[in-house]
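Report on the following structure.
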Number of protein chains: 2
Amino acid sequence: MRTVKAGLIGLGTIGTGVARLLLEEGDSLARKVGVRIELKRIADVNPARRRALPMPAGVFTTSADRVITDPEIEIAIELIGGLHPAKEIVLTALRNGKHVVTANKALLATYGSELFETALKHQRCISFEASVGGGIPIISAIRDGFVANKIESVFGIVNGTTNYILTQMTLANKPYEQALAEAQRNGYAERDPHADVSGLDSTHKLAILARLCFDVDVDYTKIYREGIDHVFLEDIQDAKSLGYTLKLLAIGKKRGGAVELRVHPTLLPDTHPLSAVSGVFNAICVNGNWVGETMLYGRGAGQQPTTSAVVADIVDVALGRAQATFLNARCFRRKARPAKVVDMEDVTCRYFLRFTVVDKPGVLAQISGVLGKEMISIAAVVQPERFEGNLAPLVLMTHPAPERSVRRALRKIDKLKVVRAKSRLLRVEG
Amino acid sequence: MRTVKAGLIGLGTIGTGVARLLLEEGDSLARKVGVRIELKRIADVNPARRRALPMPAGVFTTSADRVITDPEIEIAIELIGGLHPAKEIVLTALRNGKHVVTANKALLATYGSELFETALKHQRCISFEASVGGGIPIISAIRDGFVANKIESVFGIVNGTTNYILTQMTLANKPYEQALAEAQRNGYAERDPHADVSGLDSTHKLAILARLCFDVDVDYTKIYREGIDHVFLEDIQDAKSLGYTLKLLAIGKKRGGAVELRVHPTLLPDTHPLSAVSGVFNAICVNGNWVGETMLYGRGAGQQPTTSAVVADIVDVALGRAQATFLNARCFRRKARPAKVVDMEDVTCRYFLRFTVVDKPGVLAQISGVLGKEMISIAAVVQPERFEGNLAPLVLMTHPAPERSVRRALRKIDKLKVVRAKSRLLRVEG
């Protein structure tokens with residue numbers, strides 16, 4: 001049986017999982033796939049981390065260089081995360097003729113084109129199944145399984161931390177701060193939760209998905225982004241009473257020669273398959289012109305599922321499959337065209353609007369009058385029984401309308417005398 | 001750009017879809033994946049079928065031989081379905097050095113080992129993504145995406161016809177015959193619906209999934225099988241009142257050195273992701289020791305999704321990836337070990353039991369007495385208000401129990417004087 005030598009950089013949670021799988025289950029994996037993966041070297045700056053592993057002598061090093069300069073090593077597995085020195089390590093590995101496997105979504109969203117270009121120049125590949133959706137094989141599904149399709153849209157729950165928090169808010173009626181604190185206690189949220197709750201992590205993943213789906217190079221900072229840190233319990237409760245579930249979605253849609261790319265809290269009908277995705281699970285819907293509607297569901301983060309995805313990539317490279325894809329696919333080729341991202345004001349969707357109004361006759365007429373002038377059509381009206389003094393909430397669901405008109409209408413409505421707080425806007429899909 | 005020549009046998013619904021995609025969208029597909037697929041020849045016994053296609057002169061033939069003996073053709077796409085002459089065509093194609101792409105689940109379930117052995121002997125591959133789950137990339141997910149995992153279970157809805165019928169029964173309260181007739185009118189069921197409604201088609205697909213998941217050769221006729229042709233509206237209604245949804249599931253579970261393989265109507269909690277899978281959609285759950293719980297969802301049949309899967313396979317072969325997998329993976333190698341299938345009486349699960357009883361005191365005591373003697377523990381009791389004369393239904397949900405004990409108990413219960421009809425048994429999962 002052929003043996004392929006690999007080197008691992010970064011013994012954090014994922015790195016330890018990958019090392020454990022290859023060291024402990026490597027024999028059975030080799031019998032199953034017909035090629036043996038030898039973990040020749042493992043590098044981490046912190047030597048204490050090797051202790052958890054049944055590692056043969058001589059495998060461990062504190063220097064990444066000893067992995068990426070070793071001429072015997074064919075595959076470099078980058079699992080240190082962050083932008084630097086991950087970028088430099090990946091570039092050096094590629095220049096030294098190694099294929100790269102990585103789970104680093106921030107790196108790929110930030111420097112993707114440069115890294116892919118370097119890989120192609122050296123006829124090596126970069127595999128990154130674990131960068132989106134944890135153990136869900138979403139990258140290979142889009143790249144290979146749905147290859148015959150023109151992808152029309154891709155959208156889903158790609159961040160487990162925020163989905164855990166929203167699930168707690170929805171099922172247990174906990175306010176945001178309490179749900180976040182609980183997520184932190186259970187290890188589902190970082191001490192500094194900014195990257196997750198602000199939607200930043202989801203924009204990284206959406207940039208990667210958009211490259212595969214729409215064959216464009218995306219600057220993730222251009223993606224419209226709203227996190228969950230300003231989601232109120234009332235948003236969720238009012239949505240529920242209308243038969244909707246609130247989720248943080250990453251949404252990509254083809255719009256002629258441009259793409260809609262946005263990350264924001266979104267209301268979905270309770271019957272939508274994404275509405276049932278709870279806790280730290282992720283799920284991604286892909287719609288193609290031949291395959292129609294699809295969804296892939298699974299654990300979106302954590303040591304075990306992410307290890308599953310990283311090792312799948314390693315096998316893919318060891319069998320030579322990843323190279324056949326990467327070196328031929330247009331979306332990785334030099335000078336992928338930059339994405340023309342639709343301005344958020346030009347997006348059209350349905351809206352959930354909540355106004356805080358004085359409880360007296362004629363209020364609905366005033367508000368609906370403004371909406372009518374902007375040609376925004378109302379689909380449903382609810383007045384939840386939740387008074388504060390003489391103020392009451394008023395909830396409207398609209399038919400599809402351009403965001404520009406809706407924002408303009410809200411600016412006018414917020415100036416009405418009967419409206420006593422900034423109005424709330426949430427977008428609806430499905 | 002490299003060109004790979006392919007030949008298509010069978011211009012039915014799927015064949016026409018594949019031909020259309022390759023003829024009409026072949027250029028853009030080639031630019032996307034970096035290899036051109038030329039449909040050199042299309043064979044069908046019925047020359048009238050070519051009419052729907054913008055086919056260049058000289059491509060069409062009525063003889064499959066002109067495809068599988070053409071030395072220029074590298075990929076033979078078998079889409080005639082059925083066992084014969086599909087088997088002979090595939091064998092000849094392989095012997096003539098062609099790779100084979102097929103959607104033929106009956107063929108693979110019946111002659112899989114012989115076909116795979118022949119392929120390996122000639123160092124060619126057989127790709128069959130479209131044989132299970134239509135457009136859902138479930139074969140490649142299990143074979144490649146979850147390759148790092150020991151698969152613990154695979155189960156799901158793999159037949160769109162029966163799921164359409166059950167969905168109609170559930171949502172519109174239509175009895176079986178009416179829902180079947182409607183499915184036939186809408187083209188979702190064949191005029192002779194036996195293969196679908198009897199569960200036969202699901203056993204074919206389960207045999208294919210079990211080979212990939214558990215690395216065994218399955219005789220599909222050994223799979224326990226109950227179709228939906230004896231599902232009553234009351235089954236669905238009583239399940240609903242307990243918070244369960246009835247689905248026809250194909251279930252495979254690893255049990256030490258053996259495997260549990262069964263196809264039968266199954267009650268799932270309403271909160272289970274499979275419960276929300278409606279109409280002609282399919283969804284398959286795979287549980288692995290690293291990835292945990294996953295689900296893949298999409299259209300399970302029909303021209304467009306199946307075409308998507310067939311063309312994905314063709315690209316996979318054209319890029320050389322399919323070969324790298326097939327020729328190395330243990331599950332396709334000669335003499336895959338025959339599956340040791342757990343006897344249905346040795347399966348343990350939860351049960352839904354419905355008895356038709358005389359409406360008088362002491363009946364529950366008698367029935368629960370028999371169950372108690374067999375060590376079957378009751379989890380819930382419901383008496384739906386649905387009297388017929390002095391007879392009433394009595395519904396019990398059990399805790400997990402061996403099927404052998406449950407069947408023995410039912411034989412005893414059916415002899416009780418207070419029980420007036422054959423008792424109903426349905427299995428519960430999730």
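Throughout, a chain's letter reflects where its sequence line sits, starting with A, and its residues are numbered from 1. Keep in mind the model is a prediction, meaning the values are calculated, not measured.
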Is A/Leu319 in contact with chain B via its backbone, its side chain, both, or neither, using a 4.5 Å heavy-atom distance? both
Strictly less than 4.5 Å between heavy atoms, which residues of residues 287-295 of chain A line up against chain B? Please order them by number. A/Asn289, A/Trp290, A/Val291, A/Glu293, A/Thr294, A/Met295
With only heavy atoms counted, which part of A/Glu25 is less than 4.5 Å from chain B, the side chain, the backbone, both or neither? side chain
Applying a heavy-atom distance below 4.5 Å, give me the residues of residues 272-286 of chain B that approach chain A, sorted by number. B/Pro273, B/Phe281
Contact winner vs chain A - B/Ala148, B/Gly320, B/Gly298, heavy-atom pairs under 4.5 Å: B/Ala148
With a 4.5 Å heavy-atom cut-off (strictly below), which parts of residues 304-317 of chain A touch chain B? List them by number. A/Gln304, A/Pro305, A/Thr307, A/Ser308, A/Val311, A/Ala312, A/Val315
Would you find a donor on one side and an acceptor on the other, under 3.5 Å apart, between the side chain of B/Lys32 and the backbone of A/Asn149? yes
About how many Å separate OG of A/Ser28 and CZ of B/Arg330, when rounded to the nearest 0.5 Å? 7.5 Å
Return the minimal non-hydrogen interatomic distance between B/Leu29 and A/Val147, and the atom names on each side. CD1-O, 3.6 Å
Any idea which of A/Leu296, A/Leu327, A/Val35 has the most non-hydrogen atom pairs under 4.5 angstrom with chain B? A/Leu296
Could you have a look at B/Gly34, B/Ala141, B/Gly17 and say which one has the most heavy-atom pairs with chain A under 4.5 angstrom? B/Gly34
Hey, are the side chains of B/Val33 and A/Asn328 touching, using non-hydrogen atoms and a 4.5 Å cut-off? no
Sort by residue number and list every residue of residues 131-138 of chain B having at least one heavy atom under 4.5 Å from chain A. B/Gly135, B/Pro137
For chain B, find which of A/Lys150, A/Gln323, A/Gln303 contributes the most heavy-atom pairs closer than 4.5 angstrom. A/Lys150
